[in-house]
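No hydrogens, no waters, no symmetry mates; every other heavy atom, side chains included, goes into these values. Because the structure is predicted, anything quoted here is derived from the model rather than measured.
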Amino acid sequence: MVVLEDARHADALGDALVKGGLKAAEITLRTAAGLDAIEALAGRDDLVVGAGTVLTAQQAERAIAAGARFVVTPGFAPKVVAACQDAGVLVVPGVATATEIQMALDAGLDLVKFFPAEQLGGAATIKALAAPFRGVRFIPTGGVTPAVMPDYLALPAVAAVGASWIVAPDLLSAQRWDEVTSRAAAAVEVAAA
């Protein structure tokens with residue numbers, strides 16, 4: 001998950017992530033630069049770019065028009081889900097409860113973002129939710145650190161993890177691309193273990 005304040009840094013960010021071995025980036029719409037950054041990265045053939053923190057169907061439509069190949073929401077938003085499905089773009093809605101997981105299933109989805117993961121009980125909660133929802137895959141985000149990544153990735157129901165520590169705001173503002181590459185490589189190494 002990337003909160004980029006200046007879209008002019010999108011290319012350097014993309015290079016740093018790819019050099020570190022990451023193949024996908026979620027650019028949030030938390031800043032005015034989000035859509036421009038998505039557009040700047042969308043043409044790359046070595047990085048799949050998506051939009052995060054999408055709150056409305058209009059934001060989803062704009063992100064898709066900018067080149068987002070997937071959309072992530074912090075909660076379950078039926079209109080956002082419908083807009084993405086109508087456009088044929090992968091949508092990963094945020095869930096925190098069994099009710100929201102059922103809503104995702106009712107919408108035909110089996111991949112959800114579990115957010116905020118650590119604050120909601122972490123890997124133990126996903127393990128408990130995965131028991132009745134056997135076909136659902138989770139992407140935990142929110143408080144995920146290198147120390148807890150292995151706990152999540154050890155669960156069969158976890159498809160991937162989202163981690164903002166790789167692209168921490170202080171690294172982006174200081175343009176410390178080597179450190180972004182280093183953190184990306186470390187995350188890839190943990191995931192591969």
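Shown here for I64 and A87, the closest heavy-atom pair between the two residues is CD1-CB, 3.9 Å. Taking all atoms of both residues into account, the shortest heavy-atom contact from A157 to A130 is CB-CB, 3.6 Å. Looking at every heavy atom in both residues, A37 comes nearest to L4 through CB-CD2, 3.7 Å. The two residues A60 and V80 come nearest to each other via the heavy atoms CB-CG1, 4.1 Å. Listed here is the closest heavy atom pair of G14 and L47: CA-CD2, 4.0 Å. Nearest heavy-atom pair, A117 versus P140, reported as atom, atom and distance to 0.1 Å: CB-CB, 3.7 Å.
To the nearest 0.5 Å, atom CZ of residue R62 and atom CG of residue L29 are 8.5 Å apart. Atom OG1 in T73 sits 8.5 Å away from atom CG in L55 (nearest 0.5 Å). The line from CG of D6 to CG of L13 is 11.5 Å long, rounded to the nearest 0.5 Å. Distance CG/L171 to CH2/W165: 10.5 Å, rounded to 0.5 Å. In this structure, OG1 on T141 lies 11.0 Å from CD on E118, to the nearest 0.5 angstrom. Atom OG1 of T53 and atom CD of Q59 lie 8.5 Å apart (nearest 0.5 Å).
Both L155 and F138 are members of a single hydrophobic cluster when ILVMFWY side chains are connected at heavy-atom separations under 4.5 Å. The hydrophobic cluster containing V95 also contains V144, counting ILVMFWY residues as joined when their side-chain heavy atoms lie under 4.5 angstrom apart, directly or transitively. Linking Ile, Leu, Val, Met, Phe, Trp and Tyr whenever their side-chain heavy atoms come within less than 4.5 Å leaves V3 and I166 in two separate clusters. Under the 4.5 Å side-chain heavy-atom criterion for Ile, Leu, Val, Met, Phe, Trp and Tyr, L41 and V180 are members of the same hydrophobic cluster. The hydrophobic clustering, which links ILVMFWY residues whose side-chain heavy atoms are closer than 4.5 Å, places W177 and L22 together.
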Query - Working for side chain to side chain contact (heavy atoms under 4.5 Å, CB included), residues M1 and R30 - result: CA-CA 11 Å; M1 178 180 69; R30 293 182 187 182; 3.6 Å; yes

Test F114 against L129 for side chain to side chain contact (heavy atoms under 4.5 Å, CB included), laying out the working first.
-> CA-CA 10 Å; F114 182 64; L129 287 169; 3.8 Å; yes

Checklist line | Candidate pair T28 and V2, rule side chain to side chain contact (heavy atoms under 4.5 Å, CB included), full reasoning | finding: CA-CA 6 Å; T28 70; V2 180; 5.9 Å; no

Audit row: K23, L17, side chain to side chain contact (heavy atoms under 4.5 Å, CB included) steps and yes/no:
CA-CA 7 Å; K23 298 183 185 328; L17 293 174; over 6 Å; no

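Residue E189 places its CD atom among 12 or fewer non-hydrogen atoms of other residues, nucleotides or ligands, all under 6.0 Å distant. Within a 6.0 Å radius of CZ in R44, other residues, nucleotides and ligands contribute more than 12 heavy atoms.
For D178 and R183, the salt-bridge test fails: no basic side-chain N is under 4.0 Å from an acidic carboxylate O.
No side-chain donor-acceptor contact under 3.5 Å links E179 to the backbone of R176.
Looking only at side-chain heavy atoms (C-beta outward), R137 and V158 stay at 4.5 Å or farther from each other.
Hydrophobic clustering, defined by side-chain heavy atoms of Ile, Leu, Val, Met, Phe, Trp and Tyr closer than 4.5 Å, groups L111 together with V48, F70, V72, L90, V92, I139.
Residue V161 is tested with L153, V148, D151, V190 for a side chain to side chain contact (heavy atoms under 4.5 Å, CB included); the sole match is L153.
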